[in-house]
Enquirer: 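Got a structure here, written out as structure tokens. Questions coming.
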Protein chains: 2
Amino acid sequence: MSVMAAASEDDRRRAILDAAVAVVVERGYASARVSDIAKRAGTSTGTVHYYFPTKVDVLDAALQHASERSHARHRAELVALSEPREQLLRLIDLQIPDADVADEWSIWLEFWNEARRRDELRARNHEIYTRWVGMIDTIVRNGQRQGQFSLDIDPADFALRFAGLFDGLGLQVLLQPSLENRWRLRAALRGVVERELLT
Amino acid sequence: MSVMAAASEDDRRRAILDAAVAVVVERGYASARVSDIAKRAGTSTGTVHYYFPTKVDVLDAALQHASERSHARHRAELVALSEPREQLLRLIDLQIPDADVADEWSIWLEFWNEARRRDELRARNHEIYTRWVGMIDTIVRNGQRQGQFSLDIDPADFALRFAGLFDGLGLQVLLQPSLENRWRLRAALRGVVERELLT
DNA sequence: AAGAGAGTTGACTGACGCGTCAGATAGTCG
DNA sequence: CGACTATCTGACGCGTCAGTCAACTCTCTT
């Protein structure tokens, strides 16, 4: 295998996954067609099956792909900020459904829906959700350690409620993406931070 | 048309809608088959098409059906309670994903997912969500008028956050329906009521 | 009794899509 | 060069499914 071929293989694989994510966003998980994915990746259905045995394999890998990207983006953005307060506020703005991020929310929604019926995906969802809640939990703990946040609240409890509020309202913002709704989501999340953490 | 026939027609229609809801819960909106619905309703695919021109018509009517049932149930339960505080706490227990209610949550999840791609469903989701938030809003206003709830908070704002928290955490309970998760959901919601409304 | 018409059936049709496969292309190695 | 392998292609087979339709039943009317 040449250097070119190796690079090409990775590119092709990634192109297929990116295409699969786009197709799931556009058509939905259950309505995604292998031919859609192939067309969007600029290849043939045969090649899609060359890299992934079945359609489900492509879609599962695509979800994994999207999840890794999202988490990496969060980490990269947060590591640049030193203050827990800044990190939490940044996390809010990073994840408000808007343009690219709306696509990410769409993937989560499709994922939840599919996970309802498939054990492996439910397990995956649990991991991803735990990681997401854990990220908030860690920020809160850091903030408490640095004396920036109130010690009255339980970090794990706060993290769960913060994540829940984010998901629930974010979902409606995804479906009704008006400026006002985005503003309300932001205000609600910042309000919780102010009321509960910043005494 | 005889009295029997008239009753039979309504029964058939309802049986088809009930079956459609069950199939959407079991297989998902996009994977629901007309033949599944027919079999579950104890009839033929021809009859399903006799009452509903297309599959989409059946499924949309089924969503409507489920939504009306859910709202009627809420109203019926709440009207029996006089105290706004009791009403809000009852609403929590009424809607925690569990047994039958889990099916209802499944329908919402399928519905949100589908609504993402279809304008009419997005509009319907907006109506249903507004009604749900409005129900909470009304309870809070009543509680404030009766001096039972704190006047410091804005009812509309509280209702939105309460509904968002309910949806976000409820979704995860649907996917991981452990006793512990149900308890956490309940505790989180009751906690918000206690902290913010009961001064 | 005969006709009308609502309600019901399930076999059938045509479309669609996943996965396969024979074959093409190009790069690697002996 | 010729054998071998990795990558890629798109037509095809086979199953699936929505919607149609001719035929049937049952009830009501005249």
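Values below: every heavy atom of this structure, side chains too, minus hydrogens, waters and symmetry copies. In what follows, chains are A, B, ... by sequence order, proteins preceding strands, each numbered from 1.
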Enquirer: State plainly whether the residues D137(B) and R141(B) are in salt-bridge range, i.e. N to O under 4.0 Å.
Expert: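 A salt bridge is present here (some side-chain N lies under 4.0 Å from a carboxylate O).
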
Enquirer: So does T47(B) get a side-chain nitrogen or oxygen closer than 4.0 Å to the phosphate oxygens (OP1/OP2) of dG7(C)?
Expert: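 T47(B) to dG7(C) OP1/OP2: no side-chain N or O under 4.0 Å.
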
Enquirer: Is any side-chain nitrogen or oxygen of Y51(A) closer than 4.0 Å to OP1 or OP2 of dC8(D)?
Expert: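 So the side-chain polar atoms of Y51(A) do come within 4.0 Å of the phosphate oxygens OP1 or OP2 of dC8(D), strictly under.
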
Enquirer: Return no unless some side-chain N or O of Y50(A) is found under 4.0 Å from OP1 or OP2 of dT20(C).
Expert: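 The answer is no; no side-chain N or O of Y50(A) sits under 4.0 Å from OP1 or OP2.
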
Enquirer: Please tell me which of the listed nucleotides, dT9(C), dT9(D), dA18(D), lies nearest to the side chain of R12(B)?
Expert: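 Output: dT9(C).
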
Enquirer: With a 6.0 Å cut-off (strictly less than), is the heavy-atom count around CZ of R69(A), excluding the residue itself, greater than 12?
Expert: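 Atom CZ in R69(A) is not packed in, count stays at 12 or less.
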
Enquirer: What I want to find out is whether E120(A) reaches R118(A) closely enough, with some N-O distance under 4.0 Å, to be called a salt bridge.
Expert: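 Here E120(A) pairs with R118(A) in a salt bridge, since their nearest N and O are under 4.0 Å apart.
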
Enquirer: Kindly give the heavy-atom pair with the smallest separation between F158(B) and L197(B), and that separation in Å.
Expert: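 Of all heavy-atom pairs spanning F158(B) and L197(B), the closest is CZ-CD1, 3.6 Å.
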
Enquirer: Does the pair K39(A)/E26(A) count as a salt bridge with the N-to-O cut at 4.0 Å?
Expert: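 Looking at E26(A) together with K39(A), the answer is no, because their closest N to O distance does not fall below 4.0 Å.
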
Enquirer: Could you state whether F166(A) and W183(A) fall into the same hydrophobic cluster, counting links through intermediate Ile, Leu, Val, Met, Phe, Trp or Tyr residues with side-chain heavy atoms under 4.5 angstrom apart?
Expert: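 No, no single cluster joins them.
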
Enquirer: Below 4.0 angstrom, which residues in residues 30-43 of chain B have at least one non-hydrogen atom near DNA chain C?
Expert: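 Residues of residues 30-43 of chain B under 4.0 Å from DNA chain C: T43(B).
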
Enquirer: Would you mind telling me which of dG19(D), dG10(D), dG19(C) lies closest to the side-chain atoms of T45(B)?
Expert: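 It is dG19(D).
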
